[in-house]
Amino acid sequence: MCGIVGYVGRRDCAPILMEGLARVEYRGYDSAGLAVAAPRGGLRVVKRAGRLARLHDALPRRLAGRAGIAHTRWATHGEPTDANAHPHTDASGRIAVVHNGIVENVSELRAELEADGVALAGETDTECLAHLIARAAGPGTALEDAVRAVLARVEGTYGVAVLDAEHPDRLVVARNGSPVILGVGEREMLVASDVAALVRHTRQVAHLDDGELAVVEAGGFRTLALDATPTSKRPFDITWSIEQFDKDGHEHFMRKEILEQPEALERALRGRLDDRFATAVLGGVELTARDVLGIRRVKLLGCGSAYYAALAGAQVIESLARTPADAEPASEFRYRDPVIERDALYVAVSQSGETLDTLVAVQEVKRRGGRVLGVVNVVGSTIARECEGVYLHAGPEISVASTKVFTSMLASLGLLALYLARVRDLGPADGARVVAGLRALPEQVAAVLEGEDAIRAVAERVAAHDSAFFIGRHRGYPVALEGAQKLKEVSYVHAEAYPASELKHGPLALVSPDLPVVAVLPDDPLLDKNLSFVQQVRARRGPLIAVTQPGGEAAHHAAAATGEGLFDEVLTVPACEPELAPVLLTVPLQLLAYHAAVALDRDADQPRNLAKSVTVE
Ligand code: G6P
């Protein structure tokens, strides 16, 4: 979602804010702006609709000031225009506010301000906050008290940063549902919605909790609750390095992150495979063997790609641990008044650890006494702090389209499945088989990546069509869903995924020479059945692309030897343990989507209308 950056310290802040905005631009990029406390008093505010480059061009040559706030926006209330861009100020220009999230009772607050004769300049919910804080910050009222008083009236979610021309030595920040991270530097402090904006300056960070405010000055910070009770917060060190946030010579983060998968998987598995007991060691999971034996069912929750990873994870858990397991979009789960089962294990899957729907689902389960594990990438993120769990260690993922984190989720859920299974019914020989399968993944993914040129050629042919289908069944189905998602989100080629056997119940009507069908065909006991399904596509002369393993490739060649091959294109990934096939089968689909986007001249890193880390409903 939107990105926030703030600075107070000994340096001129405009370049620091702009650099920080560039780092969080992936969270939102339809407009951007900044406010700086000018040395001679007053605030200077510059904001522009469009990409960050437009703001950059609009900045005055000299923009001095040692405290400031900045924002990159992904519009929720109001069009992306200059007026609606953040920061927003009150009528006198004293108070500037940047905000992520949504003020739900905005109509009531706007009406109140308008009744008081305040002329609102734009349509955003945030502007109200600036006017209300300015009204509350009368003589003798500390800025943090004014902010507290206003936030106490706000219904909805926020991460906010406030700058006051009358107190240019401080920022006041607060959070409720949208991340705010403090970065502790040398006689300077930063605030941001994402560590990406902080790592260049400091490794010492502290995350605000919901309902918490911080008063941030060059020399440090103090935190308090909305009712003014002081809270305590100890900064911790982040291990991500600045290089991980750079493109490192690649044209797009998406391709860089696809190519990083072997190392990401290695990190996800490091120290977690136990050969002696043929199981997984998961430091952050506190379930005892007795707890595991008591689990009657596993429910996985996530959104977007994390939900598809959860679907695949549920399959592995069910098949290895012989425990009923299923996955549901967290957004649906939280609103359907679900029954929370005491003997169920809930697993929240999230890259950012901040996705609001997933977070609220976690909180709802916990509130009703359920046990939740988090499978999360960002250390110290809200979901990670809410639950015990497994960190993915995939490193920062900048591209909106999730790639390396998706495969790390699959591997980590494989570890969790193995751990649960080895306490339950899985014997040591099968355990050892899965351990070896997991250990082989980084090298096998590297082998798939070697085939990039062939995949690019297929992608260019797919990009020539307006639509594509992805089909798969059982373990191939979540992969097909993820493949279709990747293609549509970065190339804008319309793509749908179906369980292979559902084609004949409707979608087959659309299959024609102009509709490529990508068939995900793991080499498992269903392979023969799946191969016969693809004949239905062949019969309608739909271009067929197989993403398969050696068995599928062999069947294609055998058919070719006696006449026509089964497919128009075959992309083959190495043989592996069947439970882990989704990891390998996903990689060609990521490259397919990426190269289709490039062929169509799309910006793969910043797909239209989408944002990473969605902290609104
Ligand atoms: C957004 C992103 C997706 C991501 C989803 C869940 O929609 O565009 O790539 O899968 O959020 O994000 P999370 O951080 O919870 O994994």
Side-chain angles (χ1 to χ4, degrees), residues 1-3 24-29 74 76 100 177-179 193-196 252-254 257-258 264 268 300-313 327-334 347-363 372-387 389-410 412-413 478-479 481-492 586 589-590 593-594 597 603-617:
M1 300 312 294
C2 311
V24 294
E25 198 184 10
Y26 68 90
R27 295 175 67 98
Y29 32 77
W74 189 77
T76 51
N100 290 350
S178 210
S193 50
D194 193 309
V195 286
H252 295 105
F253 279 110
M254 182 174 175
E257 289 163 5
I258 290 172
L300 294 99
L301 301 166
C303 295
S305 293
Y307 164 58
Y308 300 147
L311 280 175
E328 189 175 337
S331 48
E332 288 296 297
F333 176 84
R334 64 177 278 214
V347 181
V349 185
S350 175
Q351 187 287 126
S352 60
E354 303 292 350
T355 299
L356 187 74
D357 284 319
T358 312
L359 173 63
V360 177
V362 166
Q363 290 168 336
V372 196
L373 295 189
V375 174
V376 175
N377 192 40
V378 178
V379 174
S381 59
T382 314
I383 296 175
R385 283 178 294 134
E386 284 270 351
C387 23
V390 182
Y391 277 123
L392 300 170
H393 298 305
E397 189 179 68
I398 310 293
S399 167
V400 170
S402 181
T403 55
K404 65 174 179 176
V405 165
F406 182 80
T407 46
S408 295
M409 284 170 176
L410 298 185
S412 297
L413 290 167
V479 178
L481 284 165
E482 173 64 4
Q485 174 101 315
K486 285 283 92 83
L487 184 67
K488 69 184 141 204
E489 71 180 323
V490 298
S491 76
Y492 317 149
T586 298
L589 300 185
Q590 299 169 338
Y594 174 72
D603 182 346
D605 282 344
Q606 300 196 333
R608 67 183 179 208
N609 303 339
L610 297 178
K612 206 162 183 72
S613 196
V614 180
T615 50
V616 293
E617 288 192 38

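Residue indices begin at 1 and follow the sequence shown. Order of listing sets the numbers, starting from 1, for every ligand and every atom in it.
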For this session: Please say whether Thr358 places an N or O atom under 3.5 Å from an N or O atom belonging to ligand 1.
Result: no
Exercise. Considering only heavy atoms of Ala306, which atoms of ligand 1 have at least one such atom less than 4.0 Å away?
Worked result: 10 (O), 16 (O)
Exercise. Taking only residues two or more places apart in sequence or in another chain, which ones pass side chain to side chain contact (heavy atoms under 4.5 Å, CB included) with Ala264?
Worked result: Arg267, Ala394, Lys404, Ser408
Problem set entry | Passing option when Ser305 is tested against Gln485, Gln351, Glu482, Glu489 for side-chain hydrogen bond (donor to acceptor under 3.5 Å, both in side chains) | Glu482
For this session: Please tell me if the side chains of Arg334 and Asp357 come closer than 4.5 Å, counting only heavy atoms from C-beta onward.
Result: yes
For this session: Would you indicate whether the side-chain heavy atoms of Ser399 and His252 approach each other to under 4.5 Å?
Result: no
Exercise. What atoms in ligand 1 come closer than 4.0 Å to a heavy atom of Val400?
Worked result: 8 (O), 9 (O)
Exercise. At a 4.0 Å threshold, what atoms of ligand 1 neighbour a non-hydrogen atom of Thr355?
Worked result: 6 (C), 12 (O), 13 (P), 14 (O), 15 (O)
For this session: Go through ligand 1 atom by atom and flag the ones less than 4.0 Å from a non-hydrogen atom of Ser352.
Result: 13 (P), 14 (O), 15 (O)
Exercise. In ligand 1, which numbered atoms sit nearer than 4.0 Å to a non-hydrogen atom of Cys303?
Worked result: 5 (C), 6 (C), 10 (O)
Exercise. Does any N or O atom in Glu489 lie less than 3.5 angstrom from one in ligand 1, N or O only?
Worked result: no
For this session: Please identify which atoms of ligand 1 are closer than 4.0 Å to at least one heavy atom of Ser305.
Result: 10 (O)
Exercise. Can you name the side-chain hydrogen bond (donor to acceptor under 3.5 Å, both in side chains) partners of Thr403, sequence neighbours left out?
Worked result: none
Seminar exercise, completed: One should read off an interatomic distance between Thr358 OG1 and Gln363 CD, to the nearest 0.5 angstrom, of 11.0 Å
